[in-house]
Structures are given as structure tokens and as C-alpha cells.
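Structure record follows, encoded as C-alpha cells.
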Amino acid sequence: MDKIDEIMNKFISELGYKDACEMFVKISSGKKLRSKLLLKIAGESEISLKLCAIIELIHLASLLHDDVIDEANIRRGKPSINALYGSKNSVMLGDILYSKAFFELTKFDPSIAAVVSDAVSKLSIGEMMDVKMAENFNEDEQEYLKMIYYKTAVLIEATAICGAKLAGKDSEKFGIYGKNLGLAFQIVDDILDITQDEKTLGKPALNDFVEGKTTLPYIYLYKSLDEAGKAKLRSLWMKKLDESEISWLKENFAKTSSVSKAINEAKKLGNEAIEAIKEYKNAELEGIIKSMIDREF
């Protein structure tokens with residue numbers, strides 16, 4: 001992962017703008033899930049490491065924009081770029097990262113460039129869909145799944161496809177793996193927002209619902225309630241919750257098994273991902289899925 005950081009820093013340094021370099025080094029780079037995935041499929045080489053750096057720049061750009069949209073002051077336990085330098089600078093830095101990533105992408109085989117650039121278009125639409133969906137209480141499971149596919153899964157899917165192309169493997173099967181990994185990853189993240197405490201999450205529990213995000217467990221809960229319960233749930237949406245309201249939510253999640261149903265959906269997607277690439281007998285890729293879905297929630 002250090003090699004990828006070096007390439008990313010080199011890319012930004014090549015632009016010759018000190019302020020951008022200064023801001024870039026303050027970004028929390030995270031676990032590099034997409035890079036780990038690509039390297040486990042394609043192996044380590046100069047070309048695979050450069051593609052990892054490009055994909056990470058794109059991912060970081062999307063996070064910079066997300067933090068501005070969400071008015072988030074913390075990213076991975078550290079001050080966000082918009083908190084340090086303001087929203088305008090954060091948006092422009094995101095644009096710089098996108099632009100540099102696309103410039104470097106032009107040096108790749110057109111089939112690789114096409115997959116990544118198409119994914120970024122969908123990613124941007126996904127971000128807009130996420131904002132739009134927070135304007136109203138969403139009870140449509142398919143709308144939620146489409147949004148998380150565009151916003152979260154599509155870049156992971158593209159990463160897996162590109163890794164397969166570089167390695168001469170079946171890109172369609174690895175695309176299924178990547179898409180399902182991304183969908184399951186987001187569903188699990190949404191579940192943890194409900195089941196974990198503030199200390200574990202690094203943010204208030206049930207924060208998604210307070211921010212207007214009706215994630216899969218809430219959609220399942222809504223469908224399981226009677227009319228009075230549905231009205232009650234709608235009344236709590238996008239509201240700062242008191243202890244009695246939090247207790248009502250948790251009691252009804254348990255009573256309706258809505259969280260368990262969402263967990264089962266994540267496990268189903270994960271098992272389908274493993275099945276798609278089983279012929280390659282890649283224990284590490286199977287392990288990524290299993291560690292995510294076979295866990296305590």
C-alpha cells in the first residue's frame with residue numbers, strides 16, 4: 001500500500017501546485033479496499049499499482065465531495081478537508097483528483113479506461129441519487145439498491161473487472177464478485193449504524209436515519225409495521241431522537257427481525273460473489289467476503 005501512496009503523491013506533485021499537495025497529504029487514505037482487491041486479482045506489477053493509484057484518487061475525490069454535501073467535519077477520525085480548508089477548496093481538490101486520475105487513465109488500454117470512466121459517471125449519479133433520496137422518506141427497496149450500486153458498488157465492480165482484464169481472467173464473473181461485494185459492504189455498513197454503539201462507530205448510533213437515509217433495515221421495518229407503526233416511523237425520520245424513540249426503534253427492529261432480514265440479504269449477495277469466482281479457488285477473495293458477512297452484528 002505504501003507503493004500506491006507514493007504513486008498517488010507523485011501524480012499530485014506533477015501538477016506543480018503547492019497548495020493542492022499540502023491539502024492532499026492531509027487526506028486520510030483509508031484501508032484501500034479497492035487496491036487490495038485489484039492486487040489480489042491481478043497481482044503486483046507497475047501497471048496494476050498505477051491503476052490502483054488512479055482508482056484510489058477517484059475514490060478519494062468522491063469522499064471529498066461527500067463530506068462537503070454531508071457537511072461532515074470528521075473523516076476516519078481526523079478533521080475532514082472541508083473542515084480544515086473550507087468547502088470550496090475541498091470541492092476543487094476533489095476536481096483536481098478526478099482530473100489527474102482521468103489524465104493518467106488515458107495511458108491505459110481503452111477497454112480499461114472505458115470501464116473505469118463509465119463507473120465514475122455512475123458514481124457521480126449515485127451521489128446525486130443519495131442526496132435526492134434524503135429529501136423524502138424512501139420505502140422502495142429497489143430504489144435503495146440502485147442507489148447503493150451506483151454510489152458504492154460500481155467502482156468496486158469496475159476494479160474487479162479491470163483486475164480480471166489485466167490478469168486475463170473472466171471479467172464478467174469478477175464483475176459479479178465486485179458488484180456483490182460492494183452491495184454487501186454498503187448493506188453491512190448500514191446495519192452496523194443500527195447495531196453498534198457510538199464508541200465503535202466513531203459517530204452517533206442511528207445517525208443514518210437522523211440524516212434522512214432510509215437504509216435497508218428501515219425499509220424492511222416499515223413494511224413489517226401496521227399503519228400506526230408506519231406513521232410513527234415516518235415521524236421519527238430525519239429527527240434528533242430521544243431515548244424513548246431510540247428504544248421504540250430497537251424494540252421494533254427486534255420484534256420484526258428487520259435487521260436479521262438485512263443481514264441475510266448481505267449474506268446472500270456475499271455467497272453469490274464467492275460462487276461467481278469459485279473456479280479460481282482464490283482463498284483471499286473468498287476471505288474478504290466471509291470476514292464481512294460471517295461476523296457479529
Side-chain angles (χ1 to χ4, degrees), residues 5 8-9 11-34 53-105 116-117 119-138 144 147-156 182 185-186 189-190 193 198 201-215 237-241:
D5 282 333
M8 290 165 68
N9 282 313
F11 283 165
I12 303 306
S13 295
E14 286 171 354
L15 297 171
Y17 186 52
K18 183 173 72 69
D19 288 1
C21 294
E22 179 189 311
M23 285 191 281
F24 181 71
V25 298
K26 296 282 181 67
I27 301 175
S28 298
S29 60
K31 297 176 182 177
K32 295 187 176 65
L33 168 67
R34 291 150 196 81
I54 289 167
I55 290 170
E56 292 299 334
L57 285 180
I58 290 166
H59 177 57
L60 290 177
S62 74
L63 296 183
L64 288 171
H65 289 173
D66 273 354
D67 285 345
V68 171
I69 292 165
D70 296 339
E71 298 179 349
N73 293 320
I74 301 292
R75 167 65 63 180
R76 301 184 181 118
K78 295 180 181 179
S80 61
I81 296 300
N82 50 299
L84 292 171
Y85 298 99
S87 293
K88 290 179 181 178
N89 281 319
S90 190
V91 169
M92 293 312 300
L93 180 61
D95 291 348
I96 288 168
L97 301 193
Y98 272 134
S99 302
K100 179 60 173 172
F102 276 108
F103 173 73
E104 295 300 331
L105 195 57
V116 177
S117 56
V120 177
S121 298
K122 289 175 180 170
L123 172 62
S124 300
I125 291 170
E127 290 174 344
M128 188 175 284
M129 289 171 69
D130 191 27
V131 172
K132 186 72 176 173
M133 283 177 67
E135 293 176 0
N136 297 288
F137 183 95
N138 175 55
Y144 163 84
M147 185 274 290
I148 67 167
Y149 167 56
Y150 275 49
K151 188 171 186 287
T152 302
V154 75
L155 191 57
I156 298 173
F185 174 85
Q186 187 59 60
D189 194 57
D190 292 343
D193 180 79
E198 184 171 350
L201 291 168
K203 63 178 182 178
L206 306 175
N207 196 54
D208 286 348
F209 200 57
V210 173
E211 290 185 347
K213 296 177 182 178
T214 318
T215 57
W237 176 72
M238 221 170 178
K239 176 182 182 294
K240 187 171 174 59
L241 304 170

Measure across [X] and [Y] and return the closest heavy-atom pair with its distance rounded to 0.1 Å.
X: Ala72; Y: Asn82; answer: O-ND2, 2.9 Å
X: Glu127; Y: Tyr98; answer: OE2-OH, 4.2 Å
X: Ser13; Y: Cys21; answer: CA-SG, 3.8 Å
X: Ser117; Y: Phe102; answer: CB-CE2, 3.5 Å

Rounded to the nearest 0.5 Å, the CG atom of Asp130 sits from the CD1 atom of Ile125 at a distance of 13.5 Å

List the atom pairs, donor and acceptor, that lie under 3.5 Å between side-chain atoms in residues 89-96 and the rest of the protein, sequence neighbours left out.
from  : atom 1 : to    : atom 2 : distance (Å)
Asn89 : ND2    : Tyr85 : O      : 2.9
Asp95 : OD1    : His65 : NE2    : 3.4

[Y] side chain reached by [X] side chain, heavy atoms, under 4.5 Å:
X: Leu57; Y: Phe24; result: yes
X: Ser124; Y: Tyr150; result: no
X: Lys32; Y: Glu56; result: yes
X: Leu97; Y: Ile27; result: yes
X: Ile54; Y: Phe11; result: yes
X: Met133; Y: Thr214; result: no
X: Ile58; Y: Arg34; result: no
X: Ile81; Y: Arg75; result: no

Applying side chain to side chain contact (heavy atoms under 4.5 Å, CB included) to Tyr149 and not counting sequence neighbours gives Lys122, Ala153, Val154, Glu157, Lys179, Leu183

Taken in chain and number order and not counting sequence neighbours, the residues that satisfy side chain to side chain contact (heavy atoms under 4.5 Å, CB included) with Glu71 are none

